[in-house]
Amino acid sequence: MQLTTSRLMIREPVAEDFPAVFEIFGSADVRRFEGPPQTEAEVYAALVRAIQCGQSEPRTAFRPVITYREDGRVCGTISLRLNNSEINEWEIGWMLRQADWGKGIAAEAARAVLEFAFTQLEAHRVVAFCHAGNRQSVRVMEKIGMQYEGRLRQVRWINGAWHDEFVYAIVADLW
Ligand SMILES: CC(C)(COP(=O)(O)OP(=O)(O)OC[C@H]1O[C@@H](n2cnc3c(N)ncnc32)[C@H](O)[C@@H]1OP(=O)(O)O)[C@@H](O)C(=O)NCCC(=O)NCCS
């Protein structure tokens with residue numbers, strides 16, 4: 001996968017992306033709604049899996065990095081994985097470096113990935129799950145046209161407590 005938007009290039013990850021990816025997933029602030037910050041070993045293993053998923057055929061997962069076109073700097077990651085093959089439903093998710101929050105980067109990248117899902121993968125539905133308290137992520141979903149479908153109660157165990165999740169989705173007809 002390689003996608004270009006006005007400010008961004010979304011491309012397959014490479015081993016050299018490790019420092020930038022660790023800055024994202026090793027951050028307690030970035031991981032606040034997901035769980036504890038990840039260790040170097042955890043991030044490295046996930047990066048290796050993200051690189052390897054590019055070699056599987058048929059492709060059931062994409063775990064690209066988001067970079068700035070102007071200087072190639074990695075500002076985030078975005079994922080798209082097959083969630084339900086029977087109905088061709090894919091799940092999208094995003095994580096940005098904290099210094100790059102608030103610039104509309106996630107929505108810009110997510111729009112490009114949704115277009116890829118509906119045009120290249122012929123997705124029927126794309127879903128996203130987020131912590132019910134994650135206002136920024138809810139706004140991103142709203143801005144890209146995803147609609148609220150429901151609340152999953154007490155499905156995330158973080159810092160010794162249960163938390164709810166929202167489910168948002170967009171179907172091909174509405175893209
Ligand atoms: C969620 C995340 C990807 C959003 O990316 P982003 O590029 O900063 O998103 P945007 O710049 O489009 O901002 C999203 C919206 O949140 C709003 N926002 C920012 N901080 C907010 C806050 N504390 N409370 C409520 N809304 C907030 C912004 O105003 C913006 O809305 P607007 O465009 O209507 O003004 C980014 O914050 C992030 O990486 N967070 C940590 C990881 C994470 O939670 N990932 C999602 C897992 S589901």
Side-chain angles (χ1 to χ4, degrees), residues 1 3-11 13 17-40 42-43 46-47 49-50 61-84 89-117 123 125-159 161-170:
M1 170 199 277
L3 308 172
T4 305
T5 68
S6 56
R7 288 179 292 175
L8 309 170
M9 176 185 286
I10 297 159
R11 61 156 174 81
D17 294 326
F18 175 75
V21 174
F22 180 63
E23 192 182 342
I24 298 168
F25 288 85
S27 158
D29 288 331
V30 173
R31 291 270 304 161
R32 177 176 162 218
F33 292 111
E34 308 302 309
Q38 292 184 328
T39 63
E40 281 195 347
E42 287 170 332
V43 174
L47 179 60
R49 287 195 301 274
F62 299 83
R63 305 198 181 281
V65 290
I66 306 169
T67 68
Y68 287 109
R69 280 173 65 176
E70 62 177 15
D71 59 7
R73 198 164 53 75
V74 173
C75 56
T77 66
I78 190 157
S79 66
L80 183 69
R81 67 169 196 92
L82 191 58
N83 195 45
N84 182 339
E89 177 186 83
W90 294 72
E91 178 184 340
I92 191 171
W94 37 71
M95 304 285 282
L96 294 192
R97 190 175 157 262
Q98 190 169 10
D100 293 297
W101 292 0
K103 302 176 189 169
I105 298 289
E108 185 172 324
R111 280 192 197 98
V113 171
L114 282 185
E115 182 170 338
F116 173 81
R125 275 167 58 83
V126 177
V127 291
F129 301 90
C130 85
H131 187 296
N134 193 343
R135 293 301 311 152
Q136 292 106 303
S137 204
V138 165
R139 268 306 287 151
V140 171
M141 294 187 288
E142 290 171 348
K143 287 197 287 187
I144 64 175
M146 300 184 84
Q147 293 179 351
Y148 176 76
E149 292 200 333
R151 182 180 196 119
L152 306 178
R153 296 187 188 279
Q154 300 194 6
V155 289
R156 289 191 190 200
W157 177 256
I158 303 172
N159 289 335
W162 286 110
H163 299 265
D164 296 355
E165 239 175 41
F166 288 151
V167 187
Y168 276 72
I170 181 167

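Whatever order the structure lists ligands and atoms in, that order sets their numbers, starting from 1. Hydrogens, waters and symmetry mates are skipped; everything else that's a heavy atom, side chains included, is used.
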- prompt: Got a salt bridge between R7 and E70, using NZ or NE/NH1/NH2 to carboxylate O under 4.0 Å?
  reply: no
message: For F25 versus R31, what's the shortest heavy-atom pair and its separation?
response: O-CG, 3.4 Å
statement: What one should report as the nearest heavy-atom pair of C130 and V138 is SG-CG2, 3.8 Å
field: Residues L8, Y68; criterion side chain to side chain contact (heavy atoms under 4.5 Å, CB included); working and verdict
entry: CA-CA 5 Å; L8 309 170; Y68 287 109; 4.1 Å; yes
- request: Give the ring-plane orientation class for Y148 versus Y168, where under 30° counts as parallel, over 60° as perpendicular and anything between as tilted.
  value: perpendicular
statement: Those residues with a heavy-atom separation under 4.0 Å from ligand 1 are V30, E34, W94, M95, L96, W101, G102, K103, G104, I105, A106, F129, C130, N134, R135, Q136, S137, R139, V140, K143
statement: The side chain to side chain contact (heavy atoms under 4.5 Å, CB included) partner of I66 among T5, V74, L3, L96 is L96
